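What follows is one structure encoded as structure tokens, with my remarks underneath.
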Number of protein chains: 2
Amino acid sequence: MNKKKTTNKRKIRRAPTESDVARLAGVSQSAVSRAFTKGASIAKATREKIIAAARELGYHPNLLARSLATRRSNIIALAIANLENPFYAQVAQQLSAQLRETGRHILLFTSSIYDETDPMLERALSYQADALIMTATKASEQLADQFKKAGVPIVQINRESKIAGVSTVWGENYRAGKVAASHFLKKNHKNFAFVAGTKISSTSHMRQQGYIETLAKNNIKNVQIVYGEYSFEGAANAARKLFNSKNPPDAIFCASDYMAFGVLEVARREFALKIPIDVAIIGVDDVPEASHSAYDLTTFSQPAAALAKEAISIVDKMIANPNRRAIRTEVAGELIIRGSTRR
Amino acid sequence: MNKKKTTNKRKIRRAPTESDVARLAGVSQSAVSRAFTKGASIAKATREKIIAAARELGYHPNLLARSLATRRSNIIALAIANLENPFYAQVAQQLSAQLRETGRHILLFTSSIYDETDPMLERALSYQADALIMTATKASEQLADQFKKAGVPIVQINRESKIAGVSTVWGENYRAGKVAASHFLKKNHKNFAFVAGTKISSTSHMRQQGYIETLAKNNIKNVQIVYGEYSFEGAANAARKLFNSKNPPDAIFCASDYMAFGVLEVARREFALKIPIDVAIIGVDDVPEASHSAYDLTTFSQPAAALAKEAISIVDKMIANPNRRAIRTEVAGELIIRGSTRR
DNA sequence: CTGAAAGCGCTTACAG
DNA sequence: CTGAAAGCGCTTACAG
């Protein structure tokens with residue numbers, strides 16, 4: 001097993017192919033192919049002989065050649081705006097783990113805000129990706145068009161789309177806001193604020209709608225709204241604005257956990273506010289840090305694993321039936337009550 | 001341009017190929033290939049005619065077919081233990097951005113601790129990856145062997161390797177510990193502790209060595225060492241142990257920023273310690289959060305961008321000369337002084 | 001500068 | 001159950 005074989009050195013060292021294995025096993029090249037195709041009709045003895053030969057040579061089937069022949073690459077393109085956002089990192093991790101179960105892998109397309117993303121994502125087509133999953137980014141109409149022409153489905157996680165061909169999966173954004181408002185109301189809060197993400201984020205909008213509409217139903221109309229730009233520091237600045245206002249809030253709903261962390265820190269450290277007595281805070285996502293003792297954040301969950309699962313399920317359906325209309329699914333979340341809200 | 005053409009519908013909708021483009025442009029298929037190969041000899045007029053035809057058809061070169069023909073996939077496999085660790089997410093982001101500049105992309109291989117990683121990573125060979133970059137994981141000897149046989153270089157970021165064929169890039173681990181110790185000494189600290197990562201982490205070991213050896217040179221021998229398991233909560237627990245001990249430290253060096261955050265929170269919230277007066281803290285990495293006002297952490301940087309750049313540079317060298325010996329490079333970091341240490 | 005042809009390493013009807 | 005052969009969509013000597 002471990003003996004070094006100095007024999008059969010070939011001049012140019014290239015990876016062994018089916019033909020090499022066939023030669024060693026004394027069978028045809030097609031037999032080798034069958035040995036590695038499950039469900040193919042091949043005698044058990046032949047297969048074993050082939051597997052042994054393959055192992056001896058260190059043979060690994062060339063998946064690119066296979067893809068060329070089968071027109072299925074088992075590559076899923078993942079466009080991810082910002083890997084450094086732990087929520088999306090978690091989604092990516094989940095996608096990767098779940099896709100692996102069906103032998104598929106992720107080809108990564110990261111982008112900064114400044115990039116022209118279209119030409120970049122067209123490369124996914126060149127790589128013959130079976131599908132494109134996008135997180136926190138939207139497909140342009142032109143891009144969607146190209147993908148539709150190529151028969152490659154697109155599914156967006158956490159972003160709406162008005163484009164006909166684009167499928168979407170998202171969390172319960174409206175309900176997140178609604179539930180947050182209800183919870184605050186139940187705990188007798190009086191002054192409400194909302195820390196939004198960005199102005200263009202449909203996700204943030206929906207959360208805001210659920211929040212203010214629920215408050216409005218309870219005759220609360222003056223909800224302060226500030227923008228945290230979906231970042232810790234942005235939210236920290238927004239929080240400073242809120243706490244310095246003439247009417248500082250005692251209940252703050254934030255469109256993401258990360259922004260909630262920023263608000264929480266500023267409240268505690270810069271304004272010496274007690275949480276949840278002086279001010280209560282609710283986030284959205286339930287990232288791992290939310291449960292850390294440092295934050296102990298009440299939050300409306302947006303389960304990365306479920307989002308990933310649903311996205312993959314949509315991909316599978318679209319591949320199975322390419323003429324199918326885009327699929328839009330909502331994934332349920334729930335309010336996880338922790339120490340940043342009153343008991 | 002935007003008119004819908006209902007003509008030339010083919011029965012089975014498949015992506016257009018070079019032959020399709022050739023037919024439309026009235027040239028040979030090889031001419032089309034040349035039009036998309038830079039440096040190929042082709043008349044300007046021909047090329048333009050071809051590009052126009054390609055655009056009309058929505059042609060995207062099939063990179064898998066190209067890879068098969070050229071034996072270069074332009075795919076780099078990235079094995080990443082834990083994408084949710086922001087430092088490694090940052091490294092992944094950097095790698096992705098930098099590789100894109102040379103038209104290469106990342107095929108993602110995530111793993112949980114429980115996985116058998118070898119069979120998973122062998123798939124990188126099947127995908128004909130041009131190289132394998134690993135972060136926070138080590139290649140087994142068998143894996144390294146297989147890759148060497150296939151002529152595919154492996155480079156590890158942030159993990160040592162004793163295996164001959166494996167290249168490595170790492171930060172200045174020993175120096176991180178040394179500099180942290182010196183800084184504490186300069187600020188007149190008396191009681192020192194080290195929050196290590198895991199027992200098996202060579203990175204953590206090196207940092208520890210630099211720290212305790214520097215302290216030892218200054219006649220400080222009793223350094224408390226606890227394990228934070230490279231996690232926020234693990235470090236929080238370790239910190240509780242330290243602050244509850246008979247001789248609580250006034251200077252704590254942590255093998256990662258994330259652990260430093262855990263320590264910092266526990267110090268502040270559970271033990272009401274003032275930072276940096278009662279206890280000073282230094283981390284390693286300089287993740288984005290380190291500069292947040294919540295933490296304002298003094299830390300020894302480990303620049304993700306530089307690590308990524310160096311890793312790619314090694315990959316390129318190894319590909320250019322496959323018989324070359326493994327390359328091992330250290331990437332410089334520096335102490336970033338912030339508010340968690342005394343002025 | 002251009003085209004015809006072989007080859008990259010697979011899969012998959014087809015015939016036996 | 002097995003092999004010979006065509007084809008997947010490219011690149012690249014070779015000849016002109």
Side-chain angles (χ1 to χ4, degrees), chain A residues 10 12-50 54 57-75 103 123 125-130 150-151, chain B residues 10 12-50 54 57-75 103 123 125-130 150-151:
Chain A
R10 270 155 288 145
I12 304 149
R13 189 185 290 181
R14 48 178 61 184
T17 69
E18 283 183 346
S19 304
D20 298 320
V21 176
R23 208 169 302 126
L24 181 62
V27 297
S28 75
Q29 174 256 324
S30 11
V32 178
S33 173
R34 291 194 184 96
F36 287 95
T37 315
K38 70 170 161 186
S41 81
I42 185 170
K44 201 173 168 194
T46 324
R47 153 176 259 130
E48 279 163 5
K49 193 167 54 176
I50 291 171
L57 292 179
Y59 169 74
H60 296 275
N62 182 326
L63 257 36
L64 303 190
R66 173 181 293 174
S67 300
L68 193 60
T70 60
R71 309 168 148 289
R72 275 287 236 117
S73 68
N74 285 319
I75 289 174
R123 306 222 63 173
L125 256 19
S126 281
Y127 275 106
Q128 312 300 111
D130 294 336
Chain B
R10 268 155 290 146
I12 303 148
R13 190 184 292 181
R14 50 178 58 185
T17 68
E18 283 184 345
S19 305
D20 297 321
V21 177
R23 210 168 301 127
L24 182 61
V27 296
S28 76
Q29 174 255 324
S30 12
V32 178
S33 173
R34 290 194 186 97
F36 287 96
T37 316
K38 68 170 161 184
S41 81
I42 185 169
K44 201 173 168 195
T46 326
R47 153 175 260 130
E48 279 164 5
K49 192 167 56 178
I50 291 171
L57 292 178
Y59 169 73
H60 296 275
N62 183 327
L63 257 36
L64 304 190
R66 173 182 295 174
S67 301
L68 193 59
T70 59
R71 307 168 151 290
R72 276 287 236 116
S73 67
N74 285 320
I75 289 173
R123 307 222 62 173
L125 256 19
S126 280
Y127 274 107
Q128 313 299 112
D130 294 336

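The sequence lines fix the lettering, A, B, ..., with proteins before strands; numbering per chain opens at 1. Quick caveat, the model's predicted, so the values are computed rather than measured.
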Could you give the [atom1]-to-[atom2] distance, from [X] to [N], as a whole number of Å?
X: Ile50(A); N: dG3(D); atom1: CD1; atom2: P; value: 8 Å
X: Tyr59(B); N: dC10(D); atom1: OH; atom2: C1'; value: 7 Å
X: Phe36(B); N: dG9(D); atom1: CZ; atom2: C1'; value: 13 Å
X: Tyr127(B); N: dG9(C); atom1: OH; atom2: P; value: 18 Å
X: Lys44(A); N: dC1(D); atom1: NZ; atom2: P; value: 12 Å
X: Leu68(B); N: dT12(D); atom1: CG; atom2: P; value: 12 Å
X: Glu18(B); N: dA4(C); atom1: CD; atom2: P; value: 14 Å
X: Asn62(A); N: dC10(D); atom1: CG; atom2: P; value: 16 Å

**Request:** Please state whether the phosphate of dT2(D), meaning OP1 or OP2, lies under 4.0 angstrom from any side-chain nitrogen or oxygen of Thr46(A).
**Result:**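 Yes, within the criterion.
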**Prompt:** Below 4.0 angstrom from OP1 or OP2 of dG3(C), is there any side-chain N or O of Ser28(B)?
**Reply:**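 The answer is yes; a side-chain N or O of Ser28(B) sits under 4.0 Å from OP1 or OP2.
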**Prompt:** Would you say Asn74(B) and Leu63(B) make side-chain contact, with heavy atoms under 4.5 Å?
**Reply:**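 They are not in contact (no side-chain heavy atoms under 4.5 Å apart), so the answer is no.
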**Request:** Would you mind reporting whether Arg66(B) and Pro61(B) have side-chain heavy atoms less than 4.5 Å apart?
**Result:**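 The answer is yes, as the side chains (C-beta and beyond) meet within the 4.5 Å cut-off.
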With heavy atoms under 4.0 Å as the rule, sort [X] into base, sugar-phosphate or nothing.
X: Thr70(B); value: sugar-phosphate
X: Thr17(A); value: sugar-phosphate
X: Arg71(A); value: sugar-phosphate

So if I take every side-chain heavy atom of [X] and compare against [options], which nucleotide ends up nearest?
X: Ser41(A); options: dC1(D), dC8(D), dC10(D); value: dC1(D)
X: Ile42(B); options: dA4(C), dT2(C), dT12(C); value: dT2(C)
X: Arg34(B); options: dA13(D), dT12(C), dT11(C); value: dA13(D)
X: Ser30(B); options: dA4(C), dG3(D), dG7(C); value: dA4(C)

**Message:** Could you walk me through whether Thr17(A) and Gln29(A) satisfy the side chain to side chain contact (heavy atoms under 4.5 Å, CB included) test, starting with their C-alpha distance in whole Å, then the side-chain angles of each, then the deciding distance to 0.1 Å, before giving a yes or no?
**Reply:** CA-CA 9 Å; Thr17(A) 69; Gln29(A) 174 256 324; over 6 Å; no
**Interatomic distance, Arg34(B) atom CZ to Ile42(B) atom CD1 [nearest 0.5 angstrom]** =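 Going from the CZ atom of Arg34(B) to the CD1 atom of Ile42(B) covers 7.5 Å.
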**Asked** Between Ile50(B) and Tyr59(B), does a side chain to side chain contact (heavy atoms under 4.5 Å, CB included) hold up when you go through it step by step?
**Response** CA-CA 10 Å; Ile50(B) 291 171; Tyr59(B) 169 73; over 6 Å; no
**Asked** On DNA chain C, nearest-nucleotide positions of Ala65(B) versus Gln29(B): which is more 5'?
**Response**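 Counting from the 5' end, the first nearest nucleotide belongs to Gln29(B).
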**Asked** What's the shortest heavy-atom distance between Ser73(B) and Tyr127(A), and which atoms?
**Response**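 That closest heavy-atom pairing would be O-OH, 3.8 Å.
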**Request:** Could you go through the side chain to side chain contact (heavy atoms under 4.5 Å, CB included) check for Asp130(A) and Arg72(A) one step at a time?
**Result:** CA-CA 7 Å; Asp130(A) 294 336; Arg72(A) 275 287 236 117; 3.1 Å; yes
**Prompt:** Name the stems with DNA chain C in them: runs of three or more consecutive Watson-Crick or G-U pairs, distances under 3.5 Å?
**Reply:**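 Stems for DNA chain C, defined as runs of 3 or more consecutive pairs: C:1-3 with D:14-16, C:5-12 with D:5-12, C:14-16 with D:1-3.
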**Request:** Kindly say whether Asn62(A) contributes a backbone atom to a donor-acceptor pair with the side chain of Ser126(B) at under 3.5 angstrom?
**Result:**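 Pair absent, no side-chain N/O of Ser126(B) close to backbone of Asn62(A).
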**Given DNA chain D, 5'-ward residue of the pair Gln128(A) and Ala31(A), judged by closest heavy atom** =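 By nearest-heavy-atom nucleotide position, the 5'-most residue is Ala31(A).
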